[in-house]
Amino acid sequence: MLTSVFIASISLALFWMAAFTLWWQMHAWRTPETLASTRFGSPESGGALSFSLLLPARHEQAVLDHTIQRLLESSHTDFEIIVIVGHDDPETAQVARDAASGDPRVRVVVDTNTPKNKPKALNTALPHCRGDIVGVFDAEDQVHPELLTHVDHAFRSSGADVVQGGVQLINFHSSWYSLRNCLEYFFWFRSRLHLHAQKGFIPLGGNTVFVRTDVLRAAGGWDGECLAEDCDLGVRLSSVGKKVVVAYDSDMVTREETPDTLMSLLKQRTRWNQGFLQVYRKKDWKQLPTTGQRLLARYTLMTPFLQAFSGVIIPLNAAIAIFLDVPVGIAFVTFLPAVTALVTFVFELVGLHDFGKQYGLRVRFTHYVKLVVGGPFYQVLLAGAAIRAVWREQRGRSDWELTSHVGAHLNTGSPNSGSLNATSAQATSAPASPHTASVHAETTREDVPA
């Protein structure tokens with residue numbers, strides 16, 4: 001009897017978890033009006049705000065110059081690019097300084113923090129920001145020239161404190177897991193984040209995020225010890241009632257690449273999951289004003305725990321149902337999660353078609369097959385990353401596992417894809433040097449405020 005109750009309870013819990021996740025994932029496609037509301041509005045006039053664009057780069061000499069040049073092509077008339085490089089990374093620093101010497105809009109800030117991570121680098125640059133708005137990009141990003149103009153309009157037309165733009169992994173053809181990785185980003189930025197913004201609780205994305213400079217400084221910048229500094233900032237700003245607007249337009253998204261190896265993907269997901277756990281334990285989300293917001297926050301931030309739990313319990317639950325003598329009704333209940341899994345697969349197939357259509361990418365029959373066949377294996381990987389995140393958090397390990405980039409998203413055959421600068425493409429990433437230094441910022445002469 002107890003076994004039957006256990007199996008039924010677990011199966012129902014898994015069913016409702018999957019059903020809620022699927023419903024939230026489908027948010028943007030519920031009605032044509034909802035879908036239309038997720039896009040950027042058309043700018044009516046020239047920009048009125050100024051931007052400080054932060055570009056943290058560590059061992060990114062192969063892709064950094066291309067990103068800087070793309071940002072310099074922006075149609076907006078008032079922006080600066082602040083490249084943040086490590087004091088122990090001469091190759092990347094040289095690429096940044098070469099770019100700064102060729103254009104006064106580019107400045108270089110040297111991060112001397114030890115150990116290094118992205119939020120510490122961003123905090124190093126924050127005092128040097130002169131713009132009304134601080135924007136964050138990653139070193140491998142491919143940014144649309146019209147993006148800043150549209151973001152400017154979004155701030156002025158909505159009165160927002162934060163604008164989150166779209167980010168999209170593009171190189172879906174690189175491997176079986178990159179296909180699913182790209183689709184995850186498509187659903188997250190195209191739909192799920194809009195739901196979070198509507199509900200007043202949002203874990204921000206790591207780049208193409210723009211915050212009013214005074215709001216960011218009042219919040220104390222980024223948490224230098226958090227492995228998901230983007231999520232943490234979003235939670236803290238949501239908790240004090242700041243207005244966040246999310247806009248996604250396939251023409252305006254920032255294009256990125258998937259991790260180039262399974263191990264790199266595993267480490268990336270581990271870092272994100274552990275960061276969510278850190279944000280959950282900080283309890284800033286408890287300041288949210290409504291019960292619904294707090295429940296959404298608890299569920300979202302506990303996702304790593306839930307994935308880890310699912311990774312362990314689903315095989316156990318299936319084994320019990322198959323090998324133990326349980327009532328027929330209970331055996332049927334154990335297959336309820338399979339119903340939501342089937343619906344999710346159908347939704348993903350439709351989503352892959354829409355993804356290819358929006359980005360002008362040719363999706364072949366083999367891609368659909370890989371999407372379906374690779375589904376269970378991808379879930380195992382995600383569950384493994386979640387279990388690893390829980391283990392690392394319990395052991396007190398919070399070192400930053402860096403994701404390397406090779407520029408795979410710059411050769412997709414899509415209309416807006418570019419090519420790597422010939423010189424920077426030939427550079428190779430160097431391992432981090434175990435140097436130590438005092439925690440302060442060194443700047444080049446361009447960084448002295450005017």
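We're numbering straight along the sequence, starting at 1. What you are looking at is a predicted structure, and each value in this text was computed from that prediction instead of being measured.
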Q: Identify which one of Y299, F187, F347 satisfies the ring pair (Phe, Tyr, Trp, His ring centres under 6.0 Å) criterion when paired with W24.
A: Y299
Q. Among D152, T208, D249, whose side-chain contact (heavy atoms from CB on, under 4.5 Å) with L147 holds?
A. T208
Q) Between W391 and R397, is there a cation-pi geometry (under 6.0 Å to ring centre, at most 45° from the normal)? A) no
Q. Are N113 and T124 linked by a side-chain donor-acceptor pair shorter than 3.5 Å?
A. yes
Q. Looking only at heavy atoms, what is the nearest atom pair of A96 and V85, with distance?
A. CB-CG1, 4.0 Å
Q) Does a donor on one side chain sit under 3.5 Å from an acceptor on the other, for T34 and S37? A) no
(Q) Quiz question: by atom type and distance under 3.5 Å, do the side chains of N207 and E256 form a donor-acceptor pair? (A) yes
Q.
Using the ring centroid of each side chain, check whether F201 and W285 are separated by less than 6.0 Å.
A. no
Q) For the atom pair CG (L352) and CD (E348), what is the distance rounded to the nearest 0.5 Å? A) 9.5 Å
Q) Without hydrogens or angle criteria, can the side chains of Q25 and S191 be said to hold a donor-acceptor pair below 3.5 Å? A) no
Q) Could you go step by step and tell me if T300 and R192 meet the side chain to side chain contact (heavy atoms under 4.5 Å, CB included) rule? A) CA-CA 11 Å; T300 302; R192 177 76 180 264; 3.8 Å; yes
Q.
Can you tell whether the side chains of D214 and R212 come within less than 4.0 Å, N to carboxylate O?
A. no
Q. Side chains of H367 and F172: closer than 4.5 Å at any heavy-atom pair?
A. yes
Q: Taking all heavy atoms of Q278 and all of E393, pick out the closest pair and write down the distance.
A: CG-OE1, 3.6 Å
Q. So, do F40 and D251 sit near enough that their side-chain heavy atoms are less than 4.5 Å apart?
A. no
Q. Going by atom types only, do T92 and E60 share a side-chain donor-acceptor pair under 3.5 Å?
A. no
Q. Tell me, do V167 and V253 make a side-chain contact under 4.5 Å, heavy atoms counted?
A. no
Q: Describe, in one word, how the ring planes of W272 and Y185 are oriented to each other, choosing from parallel (under 30°), tilted (30 to 60°) and perpendicular (over 60°).
A: tilted
(Q) I want to check something: taking the side chain as every heavy atom from C-beta on, are V106 and I68 in contact at a cut-off of under 4.5 Å? (A) yes
Q: Drop me the distance from D284's CG to S238's OG, to the nearest 0.5 angstrom.
A: 10.5 Å
Q: If the plane angle is over 60° it's perpendicular, under 30° parallel, otherwise tilted; pick one for W188 and H196.
A: tilted
Q | Donor-acceptor contact present, side-chain R180 to main-chain L371, <3.5 Å | A | yes
Q.
For Y359 and Y248, take the angle between the two ring planes, folded into 0 to 90°, and tell me which bin it lands in: parallel under 30, tilted 30 to 60, perpendicular over 60.
A. perpendicular
Q. NZ of K282: more than 12 outside heavy atoms within 6.0 angstrom?
A. yes
**Q.** Identified side-chain contact (heavy atoms from CB on, under 4.5 Å) partner of L216 from the options V136, I133, V134, V162
**A.** V134
Q.
A quick test of your reading: do over 12 heavy atoms of other residues, nucleotides or ligands sit less than 6.0 Å from CZ of F20?
A. no
Q. Which distance, rounded to the nearest 0.5 Å, do you find between the OG of S250 and the CZ of R190?
A. 7.5 Å
Q. Do the non-hydrogen side-chain atoms of L122 and P56 ever get within less than 4.5 Å of each other?
A. yes
